[in-house]
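Working notes, structure below.
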Amino acid sequence: MASIRPAARADILTMQAIELDAGRRFADIGMPEVAAAPPPTAAELTEPIESGRAWVAEDADGTVVGFAVAAIVDRQAHLSQVSVSVAGGGHGAGGALVATVMEWAHSAGCKWITLTTFRDVAFNGLWYSRLGFAAVPTHEQGPELQAIRAAEIDSGLDAQGPRVAMRRAINPADF
């Protein structure tokens, strides 16, 4: 099982490399445009790192194998990004990162956590479903979550495969 710690500025290059590596999985399932997408920029990662909304997962030897970034969207927690390297996959790093973000969300007083993802991809929407997330109908999405989805559509991301907004209640009993 991976150990989770807050991300630091020194992790930015590693986080970018993990994003590129994790993206290779999309090429394997016929989504080469997603695989070719650039990683978050240093500027895009610096703000959540400095705000305490970014974490990294380390394997037993201390190698960073994944990361997560969170935000507040519609006054609730939003899981902006979870990426795990191909080599680090399948060992619980992703689940541990999601659990850490949920703990952060609970401590921030949030009742829900949302995200957007590819609906039918096994390591995306189907994986989040196994973690208790469910699709959020458009009429139940807040304006900021709707804006995220609109930006994804405008960028052409939905053309790569059906995307969905998902949410899960934050249950204090889980901690």
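Any value given below was found using the heavy atoms of this structure, including those in side chains, with hydrogens, waters and symmetry copies removed.
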- Message: The test is side-chain hydrogen bond (donor to acceptor under 3.5 Å, both in side chains); show your working for Thr138 and Gln146 and say whether it passes.
- Response: CA-CA 7 Å; Thr138 303; Gln146 287 181 6; over 6 Å; no
- Task: Identify which one of Val164, Leu157, Leu126 satisfies the side chain to side chain contact (heavy atoms under 4.5 Å, CB included) criterion when paired with Phe118.
- Result: Leu157
- Task: Tell me whether Val101 is reachable from Ile72 by hopping between hydrophobic residues (I, L, V, M, F, W, Y) whose side-chain heavy atoms are closer than 4.5 Å.
- Result: yes
- How long is the gap from CD1 on Ile148 to CD on Gln141, to the nearest 0.5 Å? 9.5 Å
- Query: After noting the C-alpha distance and the side-chain angles of Asn124 and Arg119, does the key distance pass the side chain to side chain contact (heavy atoms under 4.5 Å, CB included) rule?
  - Reply: CA-CA 7 Å; Asn124 273 200; Arg119 183 188 70 204; over 6 Å; no
- Any cation-pi pair here, Arg25 with Phe123, using under 6.0 Å and within 45°? yes
Donor-acceptor pairs are to be reported for all side-chain atoms of residues 1-12 against protein atoms at under 3.5 Å, with residues two or more places apart or in another chain.
{"from": "Arg5", "atom 1": "NE", "to": "Glu58", "atom 2": "OE2", "distance (Å)": "2.8"}
{"from": "Arg5", "atom 1": "NH1", "to": "Asp11", "atom 2": "OD2", "distance (Å)": "2.8"}
{"from": "Arg5", "atom 1": "NH2", "to": "Asp11", "atom 2": "OD1", "distance (Å)": "2.9"}
{"from": "Arg5", "atom 1": "NH2", "to": "Asp11", "atom 2": "OD2", "distance (Å)": "3.4"}
{"from": "Arg5", "atom 1": "NH2", "to": "Glu58", "atom 2": "OE2", "distance (Å)": "3.4"}
{"from": "Arg9", "atom 1": "NE", "to": "Glu50", "atom 2": "OE2", "distance (Å)": "2.7"}
{"from": "Arg9", "atom 1": "NH2", "to": "Glu50", "atom 2": "OE2", "distance (Å)": "2.3"}
{"from": "Asp11", "atom 1": "OD2", "to": "Ala8", "atom 2": "N", "distance (Å)": "2.8"}

- Task: Kindly work out whether a path of hydrophobic side-chain contacts (I/L/V/M/F/W/Y, heavy atoms less than 4.5 Å apart) joins Leu97 to Ile113.
- Result: yes
- Query: Considering the options Asp74, Leu79, Leu145, which one meets the side chain to side chain contact (heavy atoms under 4.5 Å, CB included) requirement together with Thr114?
  - Reply: Leu145
- Task: State which residues pass side-chain hydrogen bond (donor to acceptor under 3.5 Å, both in side chains) with Ser85; sequence neighbours excluded, sorted by chain then number.
- Result: none
- Message: Taking Asp59's backbone N and O only, do any of them form a donor-acceptor pair with Thr63's side chain (distance below 3.5 Å, no angle check)?
- Response: no
- Starting at CE of Met15, measure out to CD of Glu44 and round the result to the nearest 0.5 Å. 11.5 Å
- Message: Please check this pair: side chain of Arg53 against backbone of Ala70, looking for a donor-acceptor N/O pair closer than 3.5 Å.
- Response: yes
- Tell me, do Gln81 and Glu19 make a side-chain contact under 4.5 Å, heavy atoms counted? yes
